[in-house]
Every structure is written in C-alpha cells, then in structure tokens.
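Before any comments, here is the structure.
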Amino acid sequence: MTRAVFLLLIIYCLCPAPASAAESSGIRTWFVDSLVKIFPEDAAGSHRLSRPELLAARGQHVSLQLAVRATHPLAKLTAEVGPLQSSGGATVAGAQVRPVGYVVVGSHSRHTPDDELVGTTPGWFPDPLFDFPVDVEPRRTQSLWISIAVPAHAEPGEYRGVVALQAAGQRVARREFRVKVLAARVPGERTLKVTNWFGFDNARARQFYKLAEFSPDWWTLVANVATVMAGHRQNVIITPQMDLIQPRVAERGLDYDFANFDRWVDTFQHAGAIGYIEGSHLLDRAGSYSAGLIVPTFRVEGGKVVRESLPPDDPRVEPFLASFLTALNAHLEAKGWKSIYYQHILDEAHGVEPPYYARFAELVHRYLPGVPTLDAVDASHMPEELQTHCDVWVPQLGRFDAQMEMVQQRIASGREVWFYVCLFPNGRYMNRLMDYPLLKARLLPWLDFRFGFTGFLHWGWNHWTPDNVLDTQPVINANTTLLPSGDAFIVYPDRERKSVYSSIRLESMLEGTEDYEMLAALKSHDPAAANRLAQEAVAGLTDYVRDPEKFRAIERELLAALSK
C-alpha cells in the first residue's frame, strides 16, 4: 500500500460521513449514539457519530439514532429500514425505526449536581417511542430511534442498512449504517430477575383504555402488555392475588375460584414473561407512608362475601390468612407453580412495623411452606425481624453504601439479594429518570453483575398521570412533593392497539439486561475477564463510566471476548 493510499484511508475513517445525495435542500440528517439524548434545540450535527457502525452479538438488541432538522416544516414524516444485507448475501430482518416523542419535564431531579443531569427545565425531553407519521417543526431537531433485533442464529459478518425518509409522500433523505455481527451470542436463559410493578385495575383500565376489568378486551390488553414485557426481558410479574382470586360462599365459610389467577399466570407464561410469580403484599398502609397497617380480607356477611381491611391485630386476620394461604398453597402445588412463586409481606417495613412483618412472614412460612418472602428493605437499618424473616432482600440503591459488607455477606451465604430504585437515589447514583443520561439506565444491570445482585425492582412501570406527555411528575405526600420525572412510568398508553408504547429508557434497560447475561456467559469460562470488564464499567456505587464512547470501548471488549 502506498503512503498516499494509506493517508486517504485514514482521512476516510476520521472524517464525518457526508450527507446523502438524496437529502433534500434545507434538511440535515446525522447519526447519533443511542446513549445520547437528542433535544429539539440541538443544533445540526450535534453529537454526530463519525461512522454509523454498530457491533452486535447474535440475539442482541442494538440501537442507533438518526437526527433530523430542517429549515422548513416536514409534514407527515415517515421512515423505514428494510432487511439488512451482507456482502455474502445474508440478511438480518427485525430492524425497526420509531420517532422519539418529547414530553415535558418541569423541574430537575433534586439533590443532583448539574454535571449528572441532561436538558434544561422546564423543557421538552426525549422519551416515548411513538408511531409515524410525525410532524417536524422548522429548526427543531427530531430523533428517530433505529432498533435492530439480531437473530440468535444470524450469520456473523458485516450488514448494511438503509434508512429512507419521506415527508408528505416524497422521499427527503436516505442514510446508510452498518452492523457488524460477531460470533458472540446473548444467552437465551434469563438469569437476571427483573420486575417493574404495574397495574391495570378497573379504575386505570377504564381511565386510559375505556375497558372494564376482566372483560375480553381487558384480557387482550393484558396479553399485549405481557408481550411487551417479555420482549424487554422482564421475567418477574407482580400478581395481585387478592384481586384475581375470587372468594365465594361455601358451607364452611369461604371457597376460592382461581380462574382469573390462572388466566393471568398463563397469559404471562405464554408470552415468555414468567419466569416468576410475585405475589402482592399481604400488609398495606391506610394511606401515607407513616399511616397504620391494614390487612385486606374477605368474610361472609348476610350470605354474601364482603371485602374488608382490618387492623393487623384484629383476631379475625390470622384465621382468614390461614384459610386463604392454605388454599393458595394447594393450588400452586396442583399447577406446578410453587417453585416459581415469591410472596410479598410489606413494602419497606420501618418504625413500629418490623414485628408485624415477622409475624406475617411466619404465617407465610407456615401455610406456604417453601415459598420465599421478598420485600424492599432499608439496608441502612435492618432490624433483626427483617434479617430473619425476609428471605430475599431488595435494598434501595443509595441506602446500603455503609452496609455493603453485610449485603455482601448475605450474598456470599447463598441468599438472594436484589436492589431497587424508587424516587431515590439521586446525586451521583444511577437511576433511570428522564433528566439523567441514558447511560445511567444502561448500567443498572451492570451494577447487578458487578456486586453479585440477582434481581432488579422498580415500582413505576405504568403509574401514569392523566396527561403523561405534559405531566411526567405526579404529585405525592398530600400534594406537597413532585416525583422525579419518569419515576412513575417507563411506558406510555397505546389505546388504539390496547397495548403500551416503549421508551428510550426502557430500550436502554433492555440492552443493559442483555449485557448482564453476556457478562454471566463470559464469567462461566473466563471469570477474570468478566469481572475486569464489569469493574471498568462500574468501579463503585457512584464511580462508573459516564462517557458513552468509553462505555462502547468496554462493550466492544465484552463482545470480542465472548466471540473467542
């Protein structure tokens, strides 16, 4: 190779890719890493990728953004990506392009340094992934999210993809990108336990979908949601057993109809989202976080079943739970589901609550023998009752820094420990809030692997505000506190299809969860390499890689190591 040719190759590799010749006058398009949030005010060329090339394992989801900005309105913009083609004639289907929607974030997350935040508040922030067409205003930057689901048995090689854009029925741009598929493969087994709490009770189903609970269309909604969850590797499903299991009057008190419970579990199992059944809490609070405890129960009054919440010390509570849990135990055994069932007792037991936790956990261990209890706990203050009676600890990230030795000892003893995020943490911790960089969401499963946690829990999958585009921060604590943006939900209602729209945060979580499984696969034959890469990405609870380019370098090493 001559020196002149060599220099030309260097220039080609370093220079930004030119705009497509088919790009209309006044329209700019450029590729951006999917870990970078694109805002409407971003100038043309902001965060441009010099070469739009992705590395991927087989079975992996990878993503890329195409930014669009024009000097004039683009009405009814659409985009599509056909099958990706290799030089050898192989194809990879499964590419999808969706417009990123923009929602209002009114205020930044509290107690967070400026260098840990993105965007300006109040303002429009990228989050939902909606449908085409989309109208693009002049001098406003629009992100298009390109997702590629690489088949598990794809032939390794370099594949070429083309994004074609049309506005008002006319082609306005055409851009190329490449995906290099390596020999590495994402394991099919889903070992990281992932749960996002959600609900489609009668009130929420009617408000957002105009559907009645347990109607045929409601079950269609549940099935569609199950498909979305499974597609994003959620494999633990919160199951409101007290709502699904129907009590009925029997000769000696109450009998139970498990038809809705079974259909719920079957629906999520069929979709691939179970996994594990997560029985909802037996103890609740009568209002605020500091309110007294209550126990939802059923009883017979006047020949009819009445639902009543009783204080935990009421003498009727224990006989009811003995009957209910005995029936549940027999049914789980008959269905073969007992080995995949967890039971919640009380969320975040604190103050005077731990003794009640212990008493009700003993009831679960007595009447659901072999079923583990699972709950969010405050690891910064773990009373003896919780250490003894909570089988699976789920401490909140940001609350166990000083207790890491205790947590690690628990893991070393062979006990499960997950972690959760909810409102907190903020500051320099990871979280998946709208005004945080996407890399924080991507790295949450890396943190699981790095410290030996086996699960991730978040409370807010679909706890929507009435207008979840203009209001992303629900009010709590008697209307005195705003939740951080996006804490309450990570998907959006899709009324027309009786489903939900994904978000760029959920897609980042999916890719991070696949990273976890690849790290686990690498660890099985090269523990030192897997642990080294995890530590490079996440050195500590607040010490982790924050530069997308540096993360991509670690990602490349992971894929290369798995490909050997």
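In this text the structure is predicted, and so the values were computed from the model without any measurement.
Here Y276 and F268 keep their ring centres 6.0 angstrom or further from each other.
The residues D435 and K440 are annotated as not salt-bridged, no charged nitrogen and carboxylate oxygen being separated by less than 4.0 angstrom. With respect to D391 and R415, a salt bridge is recorded, a charged nitrogen being found less than 4.0 Å from a carboxylate O. Between E511 and R442 a salt bridge is recorded (basic side-chain N to carboxylate O distance below 4.0 Å). Salt bridge absent: R532 and D526 never bring a charged side-chain N and a carboxylate O closer than 4.0 Å. Look at D266 and R263 and you find no salt bridge, because none of the NZ, NE, NH1 or NH2 atoms lies under 4.0 Å from a carboxylate O. Using a 4.0 Å cut-off between a side-chain N of Lys or Arg and a carboxylate O of Asp or Glu, E362 and R366 do not qualify as a salt bridge. Under the 4.0 Å criterion applied to side-chain N and carboxylate O atoms, R552 and E555 are assigned as salt-bridge partners. The existence of a salt bridge linking E353 and R285 is confirmed by a sub-4.0 Å separation between a basic side-chain nitrogen and an acidic carboxylate oxygen. Ionic pairing of R58 and E155 is not present here: no N-O contact between side-chain nitrogen and carboxylate oxygen is shorter than 4.0 angstrom.
Side-chain N/O atoms of Y357 and R359 include no donor and acceptor closer than 3.5 Å. Between the side chains of W219 and T267, no donor N or O sits under 3.5 Å from an acceptor N or O.
Judged by distance alone, with hydrogens and angles left aside, the side-chain atoms of D375 form no donor-acceptor pair with the main-chain N or O of E348 at under 3.5 Å.
For residues 358-379, no pair satisfies ring-ring contact (aromatic ring centres under 6.0 Å, His included), with sequence neighbours left out.
Applying the side chain to side chain donor-acceptor pair (under 3.5 Å) test to Y429 and every residue at least two apart in sequence or in another chain returns D401.
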